[in-house]
Amino acid sequence: MRSEFLTGYIKKCGHIVLEKAGVKGNNVFYTVCGDLDEMTDEGNVPFINGRTRGKLASGFQREIIGGISRYGEDHLFTLSEKPASDDDGNPLTGPEMNFGSGCAGIFAVSENAYVWTQEGSGMCVIRISEVLGKSRVIKCLSSEIGGDTTVALAPGSILAVCPEEWADEQLLPEKKTDNAFLSLISVFSAGDIRDDAFFDRVLGELTDDDFKGCMAALAVKSLNI
C-alpha cells in the first residue's frame, strides 16, 4: 500500500512557508508558520518578507531535499537532532529556529514527522487520527513550554500547526459529543480530502472571521496500490 501527502493552509495574518516534494519514492513535506497578527516592519518585531521565505525555500531544496536524496528518510532523524541551516546559519527546523516570532512547523518524510513549536509562540501542533474506529484530536505540542518531538504517520492521520487558542476552543472541547466538534472532525477526514486545493478550502471552512494567524496541515492518504 502506497500513500501520498496532501497539504493545505490558511493565512489570515502572520507568515507561512510550505513545501512538498517526492524524493526517491519518499513523500516529503516541510512547513513553517506563525501566529503573528501584530507583525510590522517597525519596532522590535522581525518583518517576514519574500526574501526570508525564499531563504527557507532554498534551504529546503538544498539541505533537506539534498539530504534525503543522499541518506533517505533517515535524514529526518538527523535533522531532528541537529537541524540544517539557511545561508545565515539559522536553523531550518526545531524550536530554536529564528524566523520572526510565533514559529512552529512540521518536517515529514515517508512514515514519520518531526514537529516543533517555540515557547510562548501561541502556536501548537495537533494530530487527528483514528483510534478504535473514531477520530481523535491529540495535542502533540503546546506553546506553553515549547519543544519538539517525532510522531509516526499512517494513512488517515492529519497533522496541523495552528493557533493554540483556536485549537483549544474549536478542536479540543470539554464535551467530546459537541456537534461543532463532530462536524469539524468530519470535515478534517483525510479520506475525503481529494487534493491540495480542496484541503485549502476545507481549512477555510473551519475558520471564521475571528480566526487570526495561520494554519498549515498535512494529511496522509492511502492510494490503495
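Since the model is a prediction, treat every value here as computed from it, not as a measurement.
For the pair Asp200 and Ile10, the minimum side-chain heavy-atom distance is 4.5 Å or more. Residues Leu218 and Leu153 meet the side-chain proximity criterion, which asks for heavy atoms closer than 4.5 Å. By the 4.5 Å heavy-atom criterion applied to side chains, Asn26 and Ser110 are counted as neighbours. A heavy-atom distance below 4.5 Å is not found between the side chains of Thr117 and Cys124. In this structure, Phe211 and Pro163 have side chains that are in contact, with non-hydrogen atoms separated by less than 4.5 Å. When side chains are defined from C-beta on, Leu159 counts as touching Arg127, because their heavy atoms get closer than 4.5 Å. Using a 4.5 Å heavy-atom threshold, the side chains of Trp166 and Leu206 count as touching. Between Val220 and Phe5 there is a side-chain heavy-atom pair separated by less than 4.5 Å.
The two residues Leu76 and Ala113 make their nearest non-hydrogen contact at CD1-CA, 4.0 Å. Closest of all the heavy-atom pairs between Ile16 and Cys33 is CG1-CB, 3.9 Å. Residue Cys162 comes nearest to Ile126 through the heavy atom pair SG-CD1, 4.3 Å, listed as atom of the first residue, atom of the second, then distance. The two residues Leu18 and Phe29 have their closest heavy-atom pair at CG-CE1, 3.7 Å. When every heavy atom of Leu6 is checked against every heavy atom of Asp195, the shortest pair comes out as CD2-CA, 4.1 Å. In plain terms, the two heavy atoms of Thr207 and Lys12 that are nearest each other are OG1-NZ, 4.1 Å.
Relative ring orientation between Tyr30 and Phe60 is described as parallel, the plane-to-plane angle staying below 30° on a 0-90° scale split at 30° and 60°.
Lys221 places a side-chain N or O within donor-acceptor distance of the main-chain N or O of Ile193, the cut-off being under 3.5 Å. Distance alone, capped at 3.5 Å, is enough to place a donor-acceptor pair between the His75 side chain and the Glu63 backbone. Side-chain N or O atoms of Trp116 include none that pairs as donor or acceptor with a backbone N or O of Asp148 at under 3.5 Å. Using modelled atom types, no side-chain atom of Tyr9 and backbone atom of Thr31 make a donor-acceptor pair closer than 3.5 Å. In this structure a side-chain-to-backbone donor-acceptor pair under 3.5 Å is missing from Ser58 to Gly54.
Annotation for Glu19: atom CD counts as buried by contact number, over 12 foreign heavy atoms lying within 6.0 Å. For Gln61, the CD atom counts as densely surrounded, since its 6.0 Å shell holds more than 12 non-hydrogen atoms of other residues, nucleotides or ligands. Within 6.0 Å of CD on Glu165 lie no more than 12 heavy atoms contributed by other residues, nucleotides or ligands. Residue-environment remark: OH (Tyr71) stays at or below the threshold of 12 foreign heavy atoms within 6.0 Å.
Summarising the geometry, atom CZ belonging to Phe107 is positioned 4.5 Å from atom CD1 belonging to Ile64; distances are rounded to the nearest 0.5 Å. Between atom NZ of residue Lys20 and atom CG of residue Asn27 there is a gap of 8.0 Å, rounded to the nearest 0.5 Å. Interatomic distance, Lys11 NZ to Leu203 CG, rounded to the nearest 0.5 Å: 14.0 Å. The CD atom of Glu96 lies 7.5 Å from the CD atom of Gln118; values are rounded to the nearest 0.5 Å. How far NE2 of His15 is from SG of Cys103: 5.5 Å, rounded to the nearest 0.5 Å. Summarising the geometry, atom CG belonging to Leu92 is positioned 6.0 Å from atom CE belonging to Met97; distances are rounded to the nearest 0.5 Å.
A salt bridge links Lys139 with Glu164; the closest basic N to acidic carboxylate O contact falls under 4.0 Å.
Ile138 and Leu141 fall into different hydrophobic clusters, where Ile, Leu, Val, Met, Phe, Trp and Tyr are joined by side-chain heavy atoms under 4.5 Å apart, directly or via other members.
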Open item on the list: Could you go through Thr93 and Tyr114, starting from their C-alpha distance and side-chain angles, then the distance that decides it, and tell me whether this counts as side-chain contact (heavy atoms from CB on, under 4.5 Å)?
Closed with: CA-CA 9 Å; Thr93 62; Tyr114 172 68; 3.8 Å; yes
